[in-house]
Amino acid sequence: MKKLQILGTGCAKCQQLTRHAEQAAQALGIDYEIEKVTAIDQIMSFGVMVTPALAIDGAVKVVGKVPSVEQLKQIIAS
């Protein structure tokens, strides 16, 4: 099971990244869990200064942007 962590305070872009990540994971047919990390100190512990960000299994893969569902499929699958 992949752990997809959305790092952000809940802004519109954070919500969009959550939707895109869910759609990408569902399209890939993988088992996944979405966790929203909203506490600033936790976000900074990942080394992230610009949100939204996406961490997969604890490794930051996307920072400061909302990739398309197709782009996220490639990121999640790799």
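From a predicted model like this one, the values you see are computed outputs, not experimental measurements.
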Members other than L17 in its cluster, when Ile, Leu, Val, Met, Phe, Trp, Tyr link by side-chain heavy atoms under 4.5 Å? L4, I6, L28, I30, Y32, I34, L54, I56, V62, V66, L72, I75, I76
Set of side chain to side chain donor-acceptor pair (under 3.5 Å) partners for T38, sequence neighbours left out: none
Output every pair passing salt bridge (charged side-chain N to carboxylate O under 4.0 Å, His left out) with a member in residues 27-40, not counting sequence neighbours, ordered by first then second residue. K3-E35
Looking only at heavy atoms, the pair that brings G58 and F46 closest together is O-CE2, 3.9 Å
Mind checking what makes side-chain contact (heavy atoms from CB on, under 4.5 Å) contact with A39, not counting sequence neighbours? D41, Q42
Nearest 0.5 Å, please: how far is CE in M1 from CG in D57? 10.5 Å
Residue pairs passing the salt bridge (charged side-chain N to carboxylate O under 4.0 Å, His left out) test with at least one member in residues 63-78, sequence neighbours excluded, are E70-K73
Closest non-hydrogen atom pair, G8 against C14: CA-SG, 3.5 Å
Of the non-hydrogen atoms in P67 and H20, which two are nearest, and what is the gap between them? O-ND1, 2.9 Å
To the nearest 0.5 Å, tell me how far L7 CG sits from I43 CD1. 6.0 Å
Closest non-hydrogen atom pair between V50 and V63, with its separation: O-CG1, 3.3 Å
Report the residues that fulfil side chain to side chain donor-acceptor pair (under 3.5 Å) with E22, sequence neighbours left out, ordered by chain and then residue number. none
